[in-house]
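Have a look at the structure below before the remarks.
For ligands, and for the atoms within them, numbers begin at 1 and follow the listed sequence.
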Amino acid sequence: MKETESRPPEREQLPRHIGIIMDGNGRWAKARGLPREMGHKAGSKVVGEIIRHCKKIGISYVTIYAFSTENWKRPQKEVDALLDLLRQYLSNMEEYQKENARLRVLGEVDPLPADLRESIRRAERESAGNTAITVNIALNYGGRGEIVQGVKRLLAEGIPPEEITEETLSQRLYTAGMPDPDLIIRPSGECRLSNFLLWQSAYSELLFMDVLWPDFTPEHLNYALHQYARRDRRFGGV
Ligand code: IPE
Ligand code: IPE
Ligand code: MG
């Protein structure tokens with residue numbers, strides 16, 4: 001089935017926030033007889049192009065799932081290659097400044113190597129005043145872990161049980177102050193969330209696509225946005 005569209009929908013039909021579970025890099029490499037790391041390299045090149053397209057058409061928030069808390073289970077060589085690509089991506093400050101993009105990292109940063117932590121701090125600090133689009137990179141991110149750390153923060157702050165609400169917990173998640181994702185896209189044909197934005201996806205529209213992430217183009221995103229524009233969101237109402 002054709003999963004591309006040459007143009008996006010009208011601006012007022014667009015989601016404010018989209019989440020992307022980038023998946024299929026390994027299969028893309030395997031199909032070409034290449035090591036998995038080459039798939040990640042190809043996949044990382046797509047990220048900038050898709051973010052620029054999001055900005056151009058008027059999407060305010062994009063969250064990219066780049067490395068899950070479960071991805072440490074992969075062979076060390078692959079983990080190292082993934083962290084290297086993230087290091088490169090996060091050090092590319094000229095690109096964010098040029099695009100006026102604000103960069104945030106969602107996830108548990110403390111266990112990451114010191115230089116990567118430093119790149120994250122710098123990228124977040126230097127892009128903090130940028131206003132065209134917010135790009136969240138979910139790195140060492142897990143939805144369950146995020147909720148647990150939110151609960152720990154509530155307890156550490158001594159918040160009494162009667163003040164624990166959806167709102168007070170939301171404010172202690174990595175996405176505090178941001179709108180929930182309206183649309184979550186997962187390429188590669190897998191139909192699962194794999195621990196991505198579990199709390200925030202309560203009413204997200206989900207779209208699973210067959211294309212592998214390194215083959216994903218702005219035209220695939222346009223297709224996803226048209227699918228979203230056709231959905232009837234009800235939030236439990238009629
Ligand atoms: C997604 O591609 C990249 C990350 C998880 C970081 P995969 O590496 O999961 O690719 P497949 O699913 O094995 O094809
Ligand atoms: C989810 O993809 C994690 C990221 C995209 C970073 P995986 O490829 O790790 O998920 P599973 O193992 O297929 O569920
Ligand atoms: Mg995968």
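Listed by number with element, the atoms of ligand 1 under 4.0 angstrom from any heavy atom of His40 are 3 (C), 8 (O). The distance from ligand 1 to the heavy atoms of Asn71 drops below 4.0 Å at these ligand atoms: 5 (C).
Evaluated by nearest non-hydrogen atom to atom 7 (P) of ligand 1, the leading choice among Val79, Ile21, Asp23 is Asp23.
By the criterion of a heavy-atom distance under 4.0 Å, the backbone of Ala66, and not its side chain, is placed next to ligand 1. Residue contacts with ligand 1 for Arg36 involve side-chain atoms from C-beta outward but no N, CA, C or O (heavy atoms, distance under 4.0 Å). By the criterion of a heavy-atom distance under 4.0 Å, neither the backbone nor the side chain of Asn195 is placed next to ligand 2. Residue contacts with ligand 2 for Phe67 involve N, CA, C or O but no side-chain atom from C-beta outward (heavy atoms, distance under 4.0 Å). Residue contacts with ligand 1, taken as heavy atom pairs separated by less than 4.0 Å, involve Arg74 solely via side-chain atoms from C-beta onward.
The shortest separation from a heavy atom of Lys73 to ligand 2 is not under 4.0 Å, leaving the residue out of contact. Residue Met22 places a heavy atom less than 4.0 Å from ligand 2.
Checked by atom type, the side-chain pair Asp180/Trp199 shows no donor-acceptor distance below 3.5 Å.
At a 3.5 angstrom cut-off on N or O pairs, Gly26 counts as close to ligand 1.
Within the 2.8 Å limit, Glu190 places no N, O or S atom next to the Mg ion (ligand 3).
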